[in-house]
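Let me begin by presenting the structure, written as structure tokens, before commenting on it.
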Amino acid sequence: MTEQVASKKEEEVLAELDSFAELPDAPPKRKFRLSWVGWLSVGIVVFWLLICVIGPTVAPFHEMDMEGDDSFLDAYSGEYGTFYLGTDYLGRDTYSRILFGARNTIGISLAATLLAYLMGITLGILAAVKGGWIDMGISRVNDAILALPTIMLGLIVIAALGSSIPILIGTAAVIYATSVFRIARALGQDIMVQDYVEAAATRGEGIWWIIRAEVLPNAAMPLATDFGLRLVFVVLFISSLSFLGLGVQPPASDWGSMVRENLQGLTYGSYAAIWPALAIASFTIAINLIVDDISAKSGGSLAKKMV
Amino acid sequence: MMTQMVFQRIGIGFATLMVVSIIVFLATSILPGDVAQIILGQSATPESLAALRTELGLDQPGYVRYFNWLGNMMTGDLGISKAGGATISSLIGGRLGNTMMMAGWVAVISIPISIALGLWAAMHPGTWLDRIVTFGTLSLISVPEFFIATVAVLILAVELHWLPSTAYMTGNETFVELMKALAMPLITLVIVVSAQMIRMTRAGILNVMSSPYIEMAILKGVPRGRIILRHAFFNAIGPIINVIALNLAYLVSGVVIVETIFAYPGLAKLMIDGVQTRDLPLVQACAMIFCATYVVLILIADVGSILSNPRLRNPK
């Protein structure tokens, strides 16, 4: 009798194990599918990143060359060469300056975003893993910085230290590290209470092993999507400061300062201020569309389909 | 429970303001070199430098200076501008009014437009008009404020000659003249703020739309318009109040750009001029005003969403 029960239980257990065997070990990999708008946006972003690298070599003029005789000319072909987008307020080639400026605008923003991620993730995971006083301390300072308008923080720092490229990168990195910290900390806390982390800790794995092998891989995907959005914010922040005359300093070309310099040309019908503004817009809109496309694919609820 | 939460939020808001004042004070006092040297120039004698330092209180330790500064600021003594030597309160006075007037008009115009458009888009998701609204607002929030301002100048001032491209004010205009001067900055700011508000209103409504009771309403055949207006809207009011307060707070950065472009005599323009001439007392005062406004608006957003939640308002 007892044997029978035992064997029946065994059967049940085996059947259960069989049904487990049918389950995949890991969820199937989500296919990376984008709509045509998404692919177009990827194309635009890749194009600008490429220009960052090769821009200065393909530009027909140097960013500081004053080739034309006159300022605010429309596109024309003259004795000095072809000015595809006309000239700016000092008679420099707008097209070349946009190609040169990509390096400053996108380069500085990328550097700042990467630095923000490095700081934000390190401190965020540290706060999540260690908890206690370390978490409290970092979080309170973080909240205070986060509670201020970014442009105000930027203005205060630049009023105190003046403007240079390292200061721009550092300021933007610290400001935007606060939001990365929040996300990294929340993700870290979520992951730290999962069974697999507990299992690893019980196994006797050290804290660094757990961070490297369990926490970081699981936090990577959400952080990657956020990177895109953060980069957009940083580009807008840096170009706004440049536009105010407090960012990248002349004569270096930068899309934000190019708009500022050529603003007065608008009244003469010159588009020299519009082209760099369009360059910024194309880059930031494209990134936002990619992020939007990815998050639209991963979401989806009954109401969205039904209504 | 609710009053406790509200008071807790107010406490946090106050603590944030204190930290903000420390940040502003520290950031502006780490300036390399010393203020007395800057005021008197390189050729100053050591005696006159020492005398000025005592006069300005620079020989006292940092925390004493901080509390002096904070105390003065709270009693309305904002100090003296380095450029020109006028008192900062007199510089700020009229400018603050101008900026508040602009922000007020932006709020009055953009809030109804945004809620109407956001609701409308949420009522017709997936239609081509909704797509235009969604794509349009996404594009608008991804571009810098100065892009919108530049395009507005190009179209309305340069091509159509409808409006002046600067917001020059003498102080004694008629209402029509005033509106004409204000039009360009107002249009720019309304576009910037509305784009964000429309998106957040639409998302707020669609978020409520995915809750079980809406599903129930859909399944029992309630028309879509009725679901949104009677079921979803009232439950989304909390998030929407939040959105409005947050966006009025975002106005702070929009105002900085727009006042610069249109040479509007507001507080932000004053502050930018201060940053350019590195007039630190002026920058400190303006930064504190902007940050305090921002913190208070965020606080209103927080408290608003607590008050609009019936579960918190009527505890069991």
Side-chain angles (χ1 to χ4, degrees), chain A residues 37 140-141 143-163 232 235-237 239-240 243-246 255-256 259-260 262-264 266-271 273-274 276-278 280-289 292 301-307, chain B residues 12 15-16 19-20 22-24 27-32 123 125-126 135 138-139 141-147 150-151 153-154 157-159 165 206 209-211 214-215 218 224 227-228 249-250 252-253 256-257 260-261 271-272 274-276 278-280 283-284 286-287 290-291 294-295 298:
Chain A
V37 179
R140 287 292 83 76
V141 174
D143 285 351
I145 301 181
L146 209 56
L148 295 178
T150 53
I151 194 94
M152 280 298 137
L153 284 168
L155 291 179
I156 295 169
V157 173
I158 287 168
L161 297 177
S163 186
V232 169
V235 169
L236 296 183
F237 175 75
S239 357
S240 293
F243 176 80
L244 293 171
L246 304 169
W255 295 345
V259 179
R260 173 199 179 82
N262 297 312
L263 209 53
Q264 85 242 39
L266 274 181
T267 24
Y268 313 126
S270 158
Y271 278 51
I274 299 290
L278 274 177
I280 300 174
S282 70
F283 185 70
T284 50
I285 293 178
I287 294 183
N288 259 344
L289 284 176
D292 218 38
S301 59
L302 178 70
K304 251 191 217 162
K305 284 174 216 144
M306 287 190 70
V307 181
Chain B
I12 293 175
T16 312
V19 179
V20 168
I22 295 175
I23 294 178
V24 170
T28 45
S29 54
I30 49 172
L31 182 72
M123 279 162 92
F135 179 80
L138 177 75
S139 307
I141 61 164
S142 341
V143 298
E145 288 100 349
F146 61 79
F147 175 81
T150 314
V151 173
V153 169
L154 181 71
V158 177
E159 300 292 339
S165 60
L206 283 183
M209 291 300 281
S210 58
S211 40
I214 299 286
E215 206 171 299
I218 294 172
R224 197 174 52 206
I227 291 179
I228 291 192
Y250 293 156
V252 167
S253 67
V256 172
I257 302 286
T260 309
I261 295 186
M271 182 176 174
I272 298 291
V275 174
Q276 265 153 359
R278 302 183 81 173
D279 187 345
L280 289 177
V283 173
Q284 280 177 331
C286 294
F290 275 119
C291 291
Y294 189 80
V295 170
I298 301 273

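Within every chain, numbering begins at 1; the chains are lettered A, B, ... in the order of the sequence lines, protein sequences first and strands thereafter.
- Applying the side-chain contact (heavy atoms from CB on, under 4.5 Å) criterion to A:Val232, with sequence neighbours excluded, gives A:Leu236, A:Thr284, A:Ile287, A:Asn288.
- A:Ile280 touches chain B through its side chain: at least one heavy atom from C-beta onward sits under 4.5 Å away, while N, CA, C and O do not.
- For the set A:Gly245, A:Ala281, A:Ala273, the entry with the most heavy-atom pairs within less than 4.5 Å of chain B is A:Ala281.
- Of the two parts of B:Ser139, the backbone and the side chain both hold a non-hydrogen atom closer than 4.5 Å to a non-hydrogen atom of chain A.
- Ranked by heavy-atom pairs under 4.5 Å with chain A, the list B:Ile272, B:Thr16, B:Val19, B:Thr260 is led by B:Ile272.
- Residue with the most contacts toward chain A among B:Ile261, B:Ile12, B:Ile298: B:Ile261 (heavy-atom pairs, distance under 4.5 Å).
- To the nearest 0.5 Å, atom OH of residue A:Tyr271 and atom CG of residue A:Asn262 are 14.0 Å apart.
- Of the possible donor and acceptor atoms, one in the side chain of A:Ser163 sits under 3.5 Å from a partner among the backbone N and O of A:Leu246.
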Just distance, no hydrogens or angles: give the donor-acceptor pairs under 3.5 Å from side chains in residues 145-159 of chain A, sequence neighbours left out.
none

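- Rounding to the nearest 0.5 Å gives a distance of 7.0 Å between CD1 of A:Ile274 and CZ of B:Phe147.
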